[in-house]
There are 2 protein chains.
Amino acid sequence: MASRTDTKTRILDAAEKLFAERGFSETSLRLITSKAEVNLASVNYHFGSKKELIRAVLARYLDVFMPSAAIEINRLHHAPEHASLNEIFSALIKPLLELNKVRNGGTIIFLQLLGRGYIESQGHLRWFITTHYGEHLATFVKAVAASAPHIPPAEMFWRLHFTLGTIVFTMASADALNEIAAADYGEHNNTEAIIRKVIPYMAAGVAVPVLTN
Amino acid sequence: MASRTDTKTRILDAAEKLFAERGFSETSLRLITSKAEVNLASVNYHFGSKKELIRAVLARYLDVFMPSAAIEINRLHHAPEHASLNEIFSALIKPLLELNKVRNGGTIIFLQLLGRGYIESQGHLRWFITTHYGEHLATFVKAVAASAPHIPPAEMFWRLHFTLGTIVFTMASADALNEIAAADYGEHNNTEAIIRKVIPYMAAGVAVPVLTN
DNA sequence: GATTAATTTAAACGGGTGTTTAAATTAAAT
DNA sequence: ATTTAATTTAAACACCCGTTTAAATTAATC
């Protein structure tokens, strides 16, 4: 039994790294199993198919992040004064950075997987997340809406997806952007620094008054 | 000679649509040539390789969009009063929507291709665009920087890439988001409506004061 | 109209993909 | 210790990929 979980974990560890770096369809099972030093067929034995492996990789992160994020949001929401958007987004920093303790580079891997998933899977991931973590998401959306009551729900829907695009695209390109920033401006940002840069941007965008003319 | 350009165009037309919908690596040459109703080998005959076809598809849009965008930005920049960020971003609407006249759905196809390219090509597209359209990009960046002089260059670098992520991710998911918006809020947005929604979001994010604490 | 060049075509090539199979091995249970 | 179950393994399967080839066809040139 020790060997089973071991093999499963080795596959998940190798897969998530490669998936985040090169995308799902660009990562072959042969590459994963060779990096994980397990037999090719063990993926299908333990996970059934490549698609289910992808889901397992994502679920391993979502199962840690989503409850943790919901707790932080609830903590804010139950506070007497209404939290600002910056505070709400910042409440996600701790859950995100805790993923770094689960695995080296976990934070950026998770965000990159999220982005890859949303773009590559043409809606499948969106469905998967909303059906499996809908309550957690609703907590977050409710908190954001309460902090920006001047934004109509439909407009908020769009802006939250703008926000998702911002963070997810940024993280997918984070390594490349960091290289350019280092070369051109002498900047060296880790994942946390980038997250702290992007939060004010997103908060300002979400809260900007709707143009009426 | 009529047949040559015809075949080339048929390939480009079919390819850009499929590339935008499913991504580059998920789109096979066999799918492209069957949709285009041309022979499989004609892609390699006319373009040399799949990679060069991808470049040709992108260049056909960039060659129209980039000069047109630069003209609009320059028009703003030469005006006596400084343009606002909203005006600068809005100046891109016309060049973007003109792509719709070049081809049906050209605007969203272009933005989706851009997003796919940035995410799939791990920096190749970024290099291609900056080396081929660097002067046009510089015009845009200079105009934005002049409109938000309180943002340091390094911070502006990051915020402009946040902005790219916002628009590009949004457009890549536009169809799916539109379906949800229609079902949940009775909204029906075309490409222009989405662009007009996202511009205030991006402008507010780019201009938000840098936190100093 | 004959000759040359450009294009289209069908077929094959070599290689990579996810998945399945059945035998070999290891672990667990009786 | 023997039987049963779980896991690992090497090999093969069937399929799709981008690219190349060489012959057939079409267009352009002399």
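Letters A, B, ... are given to chains in the order of the sequence lines, protein chains preceding strands, and every chain is numbered from 1.
Contact annotation: A/H46 reaches the phosphate of D/dT8 (side-chain N/O to OP1 or OP2, under 4.0 Å).
If you measure from atom OH of B/Y45 to atom C1' of C/dA5, you get 9 Å, rounded to the nearest angstrom. To the nearest angstrom, P of C/dT8 lies 11 Å from CZ of B/R10. Straight-line distance from the CG atom of B/D6 to the P atom of C/dT7: 12 Å, rounded to whole Å. A straight line from CG of A/N39 to C1' of D/dT9 spans 5 Å, rounded to a whole angstrom. Residue A/L40 contributes atom CG, which lies 12 Å from atom P of C/dT20 at whole-angstrom precision. Separating the CG atom of A/N44 from the C1' atom of D/dT9 is a distance of 14 Å, rounded to the nearest angstrom. One interatomic measurement links the two molecules: CD1 of A/I11 to C1' of C/dT19, which rounds to 14 Å at whole-angstrom precision. The separation between B/E37 atom CD and C/dT7 atom P is 20 Å, rounded to whole Å.
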Show me the donor-acceptor pairs within less than 3.5 Å that the side chains of residues 54-70 of chain B make with the rest of the protein, sequence neighbours left out.
residue : atom : partner : partner atom : Å
B/R60   : NH1  : B/D13   : OD1          : 3.2
B/R60   : NH2  : B/D13   : OD1          : 2.8
B/R60   : NH2  : B/E16   : OE1          : 3.1
B/Y61   : OH   : B/E16   : OE1          : 3.3
B/Y61   : OH   : B/E16   : OE2          : 2.8
B/Y61   : OH   : B/R103  : NE           : 3.3
B/D63   : OD1  : B/Y133  : OH           : 2.7

Cut-off 3.5 Å, no hydrogens considered: what does the side-chain donor-acceptor table look like for residues 197-205 of chain B, sequence neighbours left out?
residue : atom : partner : partner atom : Å
B/K197  : NZ   : A/E155  : OE1          : 3.1
B/Y201  : OH   : A/T163  : N            : 3.3
B/Y201  : OH   : A/T163  : OG1          : 2.7

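Scored by the ring-ring contact (aromatic ring centres under 6.0 Å, His included) test, A/F19 finds A/F24 as partners (sequence neighbours excluded). In this structure, the ring-ring contact (aromatic ring centres under 6.0 Å, His included) partners of B/F128, at least two apart in sequence or on a different chain, are B/H132. Scanning for ring-ring contact (aromatic ring centres under 6.0 Å, His included) contacts around A/H161 gives A/F157, with sequence neighbours left out.
For DNA chain D, the residues of residues 26-33 of chain B within the heavy-atom distance limit of 4.0 Å (strictly under) are B/T27, B/S28, B/L29, B/R30, sorted by number.
B/R159 places a side-chain N or O within 3.5 Å of a backbone atom of B/V208 that can act as its donor or acceptor partner.
The residue among B/S42 and A/K50 whose nearest nucleotide of DNA chain C is located toward the 5' end is B/S42.
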